[in-house]
Structure formats: C-alpha cells, structure tokens
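Single-structure report; data block below.
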Amino acid sequence: MDPFGLLLTIAVLAFFAGAPLAVVRRDAGYAAALGGSVLLLVVAVAALVGIPVHGVAWTGPLGDPEGLALDGLSAFFALAAAIVWIATSVYSIGYDDRTSPLLAICYALTLGAIALLVSSTSLVLFLMGWETMTLASYGMILEARGRAGRVFSAAFVFLAFGEASTLLVIVAFAGIHAISGSFLELPISGGGGLSTVVFVAALVGFGLKMGVAPFHMSEWLPIAHSSAPSNASAVLSSTLTLAGAYGLFRVLSMLSDPPLWWGGVMLGIGAVSVLLGALFAAVSEHTKGLPAYSTIENNGLILVALGVALVARSEGLTELYVFALFAAFYQALAHAVAKTALFLSAGYAEHAAHTFDLNAIGGRAKGVDGTAYLGTLAATLSLAAAPPLAGFVSEWMILEALFQSYRFTPEAVQFVGLLAGAAVALAAGLILVAMVKFLGFSLLWKPHALAPGEPSRASLGAPIVAAGAVILGIGAGAPWLLTFLTPAVASFAGTAVSAPISGLLSIPNGWSIVSGSPFGILSPEVIPLAILAGGTVALGYYALGRGRAPRRVRPWMAGSPPGREGETYTSFGYSTGIRIMMRSVLATREVRAQVGGVVQAELATPVAYNVELEVLDVFKVFYDGLVRFGEATSAVLKAAVMPGRLGQYLAYVLLVTLIVVIYVAAAAA
C-alpha cells in the first residue's frame, strides 16, 4: 500500500463511517462524507498526474485478488464524484432538517458504495458496491417529503429498475469471467459471440442506471430523482448515473476490437435520448423533474460521443477516435457539476417557497436573490451550451465529432451520424428553453422571510455558487483540463494519446482545441473576450435608452388570453408552444391528478400548486402495455402453476434442485 493508496482506503472508510456517525448526529455523518470527498479528490488528482494509488488489497472469496486502487479511468470518475460530493455534503448540513437520521445514513452509504465500486480492482467488489449503492439510494428516496403513497411508489420503481440493472450487470460480468477466467478488471481478448453478449448486457444494464432511452421506461428516472430530497437528487442524477457511465466505460475498455455496429447502436440510442430528454425538460413544470429529464439528454450526449469513438476505432480513424473520447469524458464532467448546482438550486427554492411547482414559484414576485443566483445562472447557461462555459465546450466537441461522420465507410452509419447531429442540434435549442424556464421561474423572485428554526439559505447558496465557479473554470480552462484528463482517455484506449489542443494565430500552445480535421478549432479563452466586446455595445445601447419610459403591454400567453391570475406570464404558458408540438408528434397529454381538493381533469392551466403533472407519451404507453401484459400472464401462471398447494411447491423445489445438481455434476465432469 502506497501513501496515496492509504488515503484512498481512509476515504472509502470515511464514507461508510458517516452512517453510524449520523445516528448520533446528522451533521457528523455529513462531515464524515465531506472529509471522505476531499480525500478522494486528492487521490484522484494524484492518480491523474501519474502518482501510483494502490490501497488495501486481499484475496477474495472466489480466489481472485481484490482491493482498492485508481487507474486513469477510475481516477477521472472519482474526481467528478468528489467534486459533486463536496458541494452536496456542505449543502446537506444546512438542508437536512428531518427528525430522523435515515437520510444522512443512506446518503453516507450511497457515497461509500459509489467510491467502492469506482476504486475496486475486481468485478465482484464492483458488484458489491453497485448493489449497496442501489439499496442505499432507495432508502434516500423513501426519506422524501410528500404523500407517502407517491413517495413509496417512486422509490419502489427506482428499486425495481435498479435490481433489473444489477441482474444484467451480473450477466455481463459472468460473460467476462467465461472469456478470461477471472473477475479482475483487466483487458481481455477474443470471446467471439460471448463478447457480444457482454456488450449487450452491459449496455442495457448500465443504460438502465443512466436512464437513457429506451431504458428510461415509463420515465422512471425523472419520477425517482424528482421525488427524492434535493441533496439525494443531486447525488442520484450527478453521480449514480455517472456510476452507470463508469461501468459502461470500464467494460468497453476491457473488450478488445469492438465491431462497428456496437458504436452505431450506441450512437442511435444516444441521439434518441438527447432529443427526448430535451423535449420533456422543455415542458416540465417541476423544479426537479426538469433537470431529471435534462439528465437523460446529457447522458445521451455521452453515449453519442462514445458511439462515434467506437465507430472511428473500427474504421481506423485514430484522430477522430481520440477526439470523441475526450468529448465523452469532458461531457461527463461538465454534466455532473452543472446538474449538481441545478438540483441544489431546486432544493434552495423549495426551502424558501415550499413548493417544487415552477408556476407557483414564478407567480409570486419578481426580483433576484444573489445568494444562489450566480451559481444557478452558470449551471443553466452551461447546460444550455452557452460559451464559454463547460457545457458549450463539450457540445461543440460532440458536434465536431458528428460532423466527421461522412468519413465512416458504411452509408448506414453515415446516415445515423447525420441524424444524430440533427438531434443534438435540435436538442440544444430545446434545452435552452428548459434552462431559461428553470432560471426565470425558480430564482427570479423575492424570497419569503425565514420561519423560526428554518435553516439559513446562505448555507444552501454557498455550494451552488462554488459549483458555478467550477463550471466556469473547467469551461474557460478547457484546453488545460483536456491535457489533465489525458491519462483517463489513455487508460480507456489502452495506448498513449495526446490531448487535441494546439496554438492558434500565435496564441501560446494550449489556448485552442482542434478536432484534427478541416472542420473546427475553438479557443475557449478568446470567446469571453468576444462576448465582452459585444456586451459592451449592448450595454451602451441600453444606457442610451434608459431614460425613456417603458411601454407596458399585456403578457403573451402562447396565443391564449390571460386568465384571472393571468396578468403574470407563467411557466406553463412559456412552453405551451412546445407542448402543443409534442402533443401532435408524440401523442403526449398531461393530466391533473387528484390531490387534496383538486378535481381530476385535463390540464389547461395549472391553478393550484398541489397538482401533479403526468406526462404520457408513446414510450410510456408502450411500456405500460407491456406491464399489463406481464401482470395478466403472471395471473394465468399463478392460477395454473401456483394454486396454493404445499405439496406442489415442495415437488417444484425438489425438481429444480435435482436439475441444478445434475447440471453441476455434468459441468464438473
């Protein structure tokens, strides 16, 4: 065990120690998680600069060596997770005012489980962390406030999809063991058709955890993530889905010579996820549902970049392969930090307004609360791909990679790349609508006075501002960050790589990002200067006309006349145009659920805040049909095979046991 390996071991133990400490005092549990996050950040940086990080090691129950260590790939995901957890742990100290310590306990266990699976050297240890993460996250969702039935339903749906994900991950790991004879996380060769089984199982299993389409069945990710407490939502959306991405990256890094169609499938799935996530984010009226749908979009962008990389590798396009990999890693980091700020902002607004409904918040008053506004502004602008922030750089890199899909040999893959580029471009416009809605109808209002005993919002705003500063930093410093992330890309690729950066017009080397093709070159540091120059002109124009009296007109409500409340432009009215488009394209409708005294009816204008919005699209209708078919089939089988007679159950158990014994004996022979 080397010095930084010792720090890694202490960090993982600190997370798990937070659970019993939270029983005594919630703040102590979050403080332990904060300490573990800081240590994890330190060792991740050390690993990325080339310092060995090998922690405690032992021999596992199956005879394989197990332990804790970080290579370039795992260090990158540990770095992203640590940044998120530092912000959420500080935020949680002021946010968690529950009488029960269960939220703090499950929070610490979730962080410890993710740290364990990221730093594991064995697939068995990874799986232990994976299942612990799922169960602990389920516990966090159960601690949400609201109607008990709805909370339990959201948590149960999360658990069901989490366990389905675990089963598929087990299939993938079993296939790896069948090929290599080991559960070590090392590159393997060969495998033939079995490697395809591993790929499909891993893609679906980890895709379920990432929530990408079509594995977002019945919108389980937005339902679960929006129902959880805000600090839990930030962890779920930013790092639990990131754990799914890490698992997919890890498995793909172990499989050699992936066929071209693997990349094509990932490219198609990612493109659909990007477009659907942006569409539903644009029409969401929930301060946590909106960023949850945005998570589907951003994870789709990761798959798009990874899909381009795999296709380019199969085609022998080395420069494009490396560039797309850097885009995928950069997108993962940019999304994790920005989404953390967004979910923490939702909790910030809920603490002051006591609602998650954007219509209720946005209709109260105008004004700006500067405590968290700057951090939220940076997060929303980044997710809307505004320069020079991190989200702009990552989406630019992904679009640059897609522009080069004409270099792919199969015309079908070229066409998929073309459609993916169109989907990403369209989603960029739709997500801009979503982010403007979130910012304009959540924080642009005057906060109410704090009730006695309510925690100060200053403690909630500081982590949001810090996350915003990180977003600005990794955007403006993108070329240097890409150089810093070179070990992560090299670890995935299995060979030495160089960051796609260069000088531009005599600017010192490191100021620009190049795609290695005739298409694009970007200098993130020059963009703020250009924006400043243009902004100076705009501000001057504003100053010249400032003395004139403003002209006031009735608000435009997407073509509908304002109602009685209606002299205020609502969040619902803002996205009505897109909602109408979705109704015609995806057969989408929204209904008002029975909550309190609200009568169930088709939603026209949300009048009260206690409405629950349910989005029904063709995917949900399809999957709900499958659920009904499964329930009907189960009922038939229950009546025929399991009629409630003990003798039949015993005969069934004995028969299955006999079959297993015969199978094992035959395999051993």
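Computation of the quantities below employed the complete heavy-atom set of this structure, encompassing side-chain atoms and omitting hydrogens, waters and symmetry-equivalent molecules. Values in this document were obtained by computation on a predicted structure and should not be read as measured data.
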With no hydrogens and no angle check, is any side-chain donor or acceptor of Thr121 less than 3.5 Å from a backbone partner on Gly67? yes

Run the side chain to side chain contact (heavy atoms under 4.5 Å, CB included) check on Arg25 and Leu21 step by step: do they pass? CA-CA 6 Å; Arg25 183 179 173 85; Leu21 288 174; over 6 Å; no

Donor-acceptor pair, side chain of Ser382 and main chain of Leu389, under 3.5 angstrom: no

Please say whether more than 12 non-hydrogen atoms of neighbouring residues, nucleotides or ligands are located less than 6.0 Å from CE in Met1. yes

Apply the test side chain to side chain contact (heavy atoms under 4.5 Å, CB included) to residues Asn298 and Thr241: give CA-CA distance (whole Å), side-chain angles for both, the deciding distance (0.1 Å), then the verdict. CA-CA 10 Å; Asn298 281 269; Thr241 62; over 6 Å; no

Do Thr295 and Asn299 pair up side chain to side chain, a donor and an acceptor below 3.5 Å, judged on atom types alone? no

Distance only, no hydrogens: is a donor on one side chain within 3.5 Å (strictly under) of an acceptor on the other, for Glu185 and Ser122? no

To the nearest 0.5 Å, what is the distance between OG1 on Thr287 and CG on Leu342? 9.0 Å

Heavy-atom pair with the smallest gap, counting every atom of Pro61 and Glu66: CD-OE2, 3.9 Å

Would you mind reporting whether Ser345 and Phe438 have side-chain heavy atoms less than 4.5 Å apart? yes

Any sub-3.5 Å donor-acceptor pair from Ser237's side-chain atoms to Ser233's backbone N or O? no

Could you pull out all residues at least two apart from Tyr107 that satisfy ring pair (Phe, Tyr, Trp, His ring centres under 6.0 Å)? Tyr30

Could you pull out the closest heavy-atom pair between Phe16 and Leu109, with the gap in Å? CD2-CD2, 3.9 Å

Aromatic Phe158 / basic Lys209 pairing, under 6.0 angstrom, 45° off normal: yes

Trp130 and Tyr246: aromatic ring centres closer than 6.0 Å? no

Go through the steps for Leu159 and Leu135 under the test side chain to side chain contact (heavy atoms under 4.5 Å, CB included), then give the verdict. CA-CA 7 Å; Leu159 182 63; Leu135 295 176; 3.9 Å; yes

Would you call Thr376 and Ile464 a side-chain contact if the rule is heavy atoms closer than 4.5 Å? yes

Kindly say whether Phe161 contributes a backbone atom to a donor-acceptor pair with the side chain of Ser165 at under 3.5 angstrom? no

Under a 3.5 Å distance rule, please check whether Ser273 uses its side chain to pair with a backbone N or O of Gly300 as donor and acceptor. no

Please list, one pair per line, the donor and acceptor atoms closer than 3.5 Å that link side chains of residues 73-87 to other protein atoms, with sequence neighbours excluded.
{"unit_1": "Ser74", "atom_1": "OG", "unit_2": "Asp71", "atom_2": "N", "d": "2.9"}
{"unit_1": "Ser74", "atom_1": "OG", "unit_2": "Asp71", "atom_2": "O", "d": "3.4"}
{"unit_1": "Ser74", "atom_1": "OG", "unit_2": "Asp71", "atom_2": "OD1", "d": "2.8"}
{"unit_1": "Trp85", "atom_1": "NE1", "unit_2": "Thr239", "atom_2": "OG1", "d": "3.2"}

Interatomic distance, OG1@Thr88 vs CG@Leu236, rounded to 0.5 Å, equals 10.5 Å

Ser294 and Met435 have their tightest heavy-atom pair at OG-CE, 4.0 Å

Identify the two heavy atoms, one from Ser92 and one from Asn231, that lie closest to each other, and give their separation to 0.1 Å. OG-ND2, 3.0 Å

Do any N or O atoms from the side chain of Lys339 and from the backbone of Pro291 form a donor-acceptor pair under 3.5 angstrom? yes

dist Leu39:CG -> Phe15:CZ (nearest 0.5 Å) comes out at 8.0 Å

Could you check if a side-chain atom of Ile296 sits within less than 4.5 angstrom of a side-chain atom of Val274, using non-hydrogen atoms only? no

Separation between CD1 of Ile114 and CG of Leu242, rounded to the nearest 0.5 Å: 8.5 Å

Could you tell me whether the side chain of Ser284 and the main chain of Phe280 form a donor-acceptor pair under 3.5 Å? no

From CA spacing to verdict: side chain to side chain contact (heavy atoms under 4.5 Å, CB included), Ser230, Tyr91: CA-CA 10 Å; Ser230 292; Tyr91 179 92; 4.1 Å; yes

Ring centroid separation for Phe126 and Phe173, is it under 6.0 angstrom? yes

Check: Ser238 side chain, Thr340 main-chain N or O, donor-acceptor pair, under 3.5 Å: yes

Provide the closest heavy-atom pair for Met133 versus Leu240 in the form atom of the first, atom of the second, distance. CG-CD1, 3.8 Å

Which atom names give the shortest non-hydrogen contact between Ser119 and Ala115, and what distance separates them? OG-O, 2.7 Å

Just verifying a value: how many Å separate Tyr95 OH and Arg26 CZ, rounded to the nearest 0.5 Å? 12.0 Å

To the nearest 0.5 Å, how far apart are CG in Leu127 and OG in Ser120? 9.5 Å

